[in-house]
There are 2 protein chains.
Amino acid sequence: MSDVSKLAGVSKMTVSRVLADPALVSEETRQKVMKAIEKLGYVPDRIAGSLSSRRTNFITAILPTLTNSNFADSAQGLANALRAADYQLLIGYTMYDLQEEERVIRTMMERRPDAIVVAGTVHTKMASEVLMRAGIPIVEIWDVPEHPIDHAVGFSNYEVGRNAAKYLISLGFKRIGALGSRADGDVKDWRGESRLLGFGAALREAGIADDLIIREGSAPVSYDHGAKTLGSLLAKAPDVEGIFAVSDISAVGALMECHRRGIHVPDQVSILGFGDFDIGRQCYPAISTIRVDAQMIGRKAGELLLSILEAEKGADVPEGARVDVGFELIVRETTKRLGG
Amino acid sequence: MSDVSKLAGVSKMTVSRVLADPALVSEETRQKVMKAIEKLGYVPDRIAGSLSSRRTNFITAILPTLTNSNFADSAQGLANALRAADYQLLIGYTMYDLQEEERVIRTMMERRPDAIVVAGTVHTKMASEVLMRAGIPIVEIWDVPEHPIDHAVGFSNYEVGRNAAKYLISLGFKRIGALGSRADGDVKDWRGESRLLGFGAALREAGIADDLIIREGSAPVSYDHGAKTLGSLLAKAPDVEGIFAVSDISAVGALMECHRRGIHVPDQVSILGFGDFDIGRQCYPAISTIRVDAQMIGRKAGELLLSILEAEKGADVPEGARVDVGFELIVRETTKRLGG
DNA sequence: CTGAAAGCGCTTACAG
DNA sequence: CTGAAAGCGCTTACAG
């Protein structure tokens, strides 16, 4: 930068202004500076700029994994929303492990992000404290808790579970089960667990036994997980009529296992998934599922942050926003009314 | 940090040492410093550290999209390899657009990454120059060109195409086609195009016409793309016997379209995909494909970079490394010998 | 519209 | 094993 200022015959301050807010500089000076920048191939150093201005234009996104198309969609939605405003995403993975999440959050704090987006509303005590004291906007995504740390953009996983149960009940079933992952230990899909909790509650409300909710294996869930948990469920209740899987991935695995065992879906058993993954749409029979607009979650989180970070002084800024993007039941071919 | 040094009654330099290399500090001093850090909840500022040390521990990864499980796997493999060494990934998306790639590369340079990983070996002239002059290690992934900008980790897409053709020829087919995306304009999947080029070359070598290579629509490819290009191919050659799709996604789309048209796969036509996506493995009939270890590409790129960046002074460092991870033909149910 | 001074919070390079 | 000084490359906050 000082090279540029020398070549252009102006002060460093003027070069800085040309880059930050060209309107502040006279047309003539600007031209000189631009020419010098061009000639020297000068690339401004944002690290130095960040240190000086106390703004990094980094936004941290903490996700369980990127190998899940839903979270990848949210990341992409977030990145798209932020791109125009020149923010750079700092992505961290937790592998559904709360200890790892805490570690990632701590590491990320050293990079001084301007805001943090984190998937999930359950954190270690330490992690929650770090986030609360961070002094920057925090957006929890993929759920909408009563009392978010700061902001939240998502939907109620509990209600998803309740709706799943209600739908299966409406189909006339009495023997209803679910396929999920283990709910103990650090590595745990809390959102999936919320769905199972809501599912069980709705079952009980309807006077139906909730003893067929299988929790086996650990997140992230796989096709194999679906196949195995289906086996466990069948061993327990060969007469099960309707099944809710916490993820389409498990649902597809369960469906394939049904094929192998000669159990017809949906004539003998109905299967409902979650997530509306491509594979559920394309497989045969196509999986009935509950859809969430993952990309929209990312986009809305991004827009919320921009409205806060880019607010003019004095403008009023949303406080403790809770955005519920909802969800949608998509009935396809794996669910069917009893005797229908 | 100066708060910490005051509380601990030492200089800032000593605090810095405790954090960077505790072995340099006496046990007693270290304890005092650690206690002060704990008490104040001090979180070191890596932005300042980066400016001072001229190392950011950022590594930039530039990918077409994260919504493709192959690239997501590579990103995760890269992140896993770098995590232990305390590097943070800076991920950028190009949406298969070379102009956008150039823009992303320029923006990323302002963050002063210690190295850059970029998917693909075709760049705008400007982008190539920026990368060459960057003065940091560059790893191009997902192909292995004769002359990489710096390093390369991938496989030969051209050879993938050749092998696809050879395999279909070995099945006894004479009428052989392919499904790809448009090869003109800025938005373009160059790796897919390489596969088609190799495919056509092998066809010609065997004395088979290469006029059934369809290039329609733009990357990223979709199920719909597979269905539509299959339609075009069939319109041109109703008697086509073997088809190679540049991606499993297209292959699945083509397979579904065959179902709809009452064309039996593989009895009437064989379909070979690329990428070994989950969906190809799970759909019925399961897609024959060519598999690449995407996660390994990311991991090897990460390990290569670590060996360079973490090298002791004087240690010899790989120069212009070209790592070919190869690929693997996986025969499943959508390909079958003529009359077999 | 332009500039000189100070400082952001660290690490480098010495010195002892 | 410990510390004082200088500086990384910008922006902030004044001043004119």
Side-chain angles (χ1 to χ4, degrees), chain A residues 1-34 36-37 40-58 86 88 107-114 134-136 309 313, chain B residues 1-34 36-37 40-58 86 88 107-114 134-136 309 313:
Chain A
M1 182 163 190
S2 77
D3 292 343
V4 173
S5 70
K6 269 173 211 154
L7 182 59
V10 298
S11 72
K12 289 193 289 177
M13 221 17 254
T14 301
V15 177
S16 176
R17 282 198 190 94
V18 169
L19 261 18
D21 194 351
L24 261 43
V25 179
S26 76
E27 177 61 24
E28 194 190 7
T29 320
R30 198 184 331 165
Q31 294 298 344
K32 276 192 301 187
V33 173
M34 293 301 276
I37 287 176
L40 295 173
Y42 167 72
V43 179
D45 185 336
R46 297 259 246 149
I47 298 293
S50 296
L51 179 60
S52 183
S53 68
R54 316 270 61 211
R55 289 185 100 231
T56 56
N57 275 40
F58 281 130
D86 197 31
Q88 170 66 41
T107 306
M108 288 290 190
M109 293 308 296
E110 304 184 351
R111 303 290 190 175
R112 299 291 191 266
D114 291 340
I136 52 177
L309 295 172
K313 273 185 236 168
Chain B
M1 181 163 193
S2 76
D3 293 343
V4 174
S5 69
K6 269 171 211 154
L7 182 61
V10 298
S11 73
K12 289 192 291 177
M13 219 20 254
T14 302
V15 177
S16 176
R17 282 198 188 94
V18 169
L19 260 18
D21 194 351
L24 260 43
V25 180
S26 77
E27 178 62 26
E28 193 190 5
T29 322
R30 198 185 333 167
Q31 294 297 346
K32 275 192 302 187
V33 173
M34 292 302 277
I37 287 176
L40 295 173
Y42 166 72
V43 179
D45 185 336
R46 297 260 248 147
I47 298 291
S50 296
L51 179 61
S52 183
S53 68
R54 316 272 59 212
R55 289 184 101 231
T56 56
N57 274 41
F58 280 131
D86 196 31
Q88 170 66 41
T107 306
M108 288 290 191
M109 293 308 296
E110 304 183 350
R111 302 291 190 176
R112 299 291 191 266
D114 290 341
I136 51 178
L309 295 172
K313 273 185 238 171

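The chains referred to below are lettered A, B, ... by the order of the sequence lines, with proteins before strands, and numbering in each begins at 1.
Of the two residues contacting DNA chain D, namely B/Leu51 and B/Gly9, the nearest-nucleotide position lying further toward the 5' end is that of B/Gly9.
Regarding B/Arg17, its CZ atom lies at a distance of 15 Å from the P atom of C/dC10, rounded to whole Å. At whole-Å resolution of the value, CG in A/Asp45 and P in D/dG7 are 18 Å apart. B/Arg55 has its CZ atom 19 Å from the C1' atom of D/dG9, to the nearest Å. Across the protein-nucleic acid pair, A/Glu27 atom CD and C/dC1 atom P stand 11 Å apart, rounded to whole Å. In this structure, A/Ile47 places its CD1 atom 13 Å from P of D/dT11, rounding to the nearest Å. Here C/dA13 presents its P atom at 15 Å from CG of B/Asp21, a figure rounded to the nearest Å. We find that CG of B/Leu24 is positioned 13 Å from C1' of C/dT11, with the value rounded to whole Å. To the nearest angstrom, C1' of D/dG9 lies 15 Å from CG of A/Leu40.
Side-chain N/O atoms of A/Ser2 and base N/O atoms of D/dG9 include no donor-acceptor pair closer than 3.5 Å.
Here the nucleotide nearest the side chain of B/Ala48, chosen from D/dT11, C/dC8, C/dC10, is C/dC10. Closest to the side chain of B/Thr29, from the set D/dC1, D/dG9, D/dT12, is D/dC1. For B/Lys12, the side-chain atoms get nearest to C/dC10 when compared with the rest of D/dC8, C/dT2, C/dC10. For A/Met13, taking side-chain heavy atoms from C-beta onward, the closest of the listed nucleotides D/dA13, C/dC10, C/dT11 is D/dA13.
A cation-pi arrangement, defined by a distance under 6.0 Å to the six-membered ring centre and an angle within 45 degrees of its axis, is present between A/Arg111 and B/Phe58.
Contact between B/Ile136 and B/Pro113 at its shortest, heavy atoms only, is CD1-O, 3.4 Å. Closest approach of B/Arg55 to B/Leu309, counting heavy atoms only: NH2-O, 3.3 Å.
An OP1 or OP2 oxygen of D/dC8 is reached within less than 4.0 angstrom by no side-chain nitrogen or oxygen of B/Ser53. Between B/Thr14 and D/dG3, a side-chain N or O to OP1/OP2 separation shorter than 4.0 Å is present. Between A/Arg54 and C/dG9 there is a side-chain polar atom (N or O) within less than 4.0 angstrom of OP1 or OP2. Taking side-chain N and O atoms only, A/Ser11 has a distance below 4.0 Å to OP1 or OP2 of C/dG3. Phosphate proximity of C/dG7 to A/Ser52: absent, as no side-chain N or O sits under 4.0 Å from OP1 or OP2.
Nucleic acid contact class of A/Arg46 (heavy atoms, under 4.0 Å, all strands): none.
Between B/Thr29 and B/Val18, every side-chain heavy-atom pair lies at or beyond the 4.5 Å cut-off. With a 4.5 Å cut-off on side-chain heavy atoms, A/Val25 and A/Val33 do not count as touching.
Figure legend. D/dG16 is base-paired to C/dC1; pairs are counted as Watson-Crick or G-U wobble with both atom distances under 3.5 Å.
Side-chain N or O atoms of B/Asn57 include one that pairs as donor or acceptor with a backbone N or O of B/Asp86 at under 3.5 Å.
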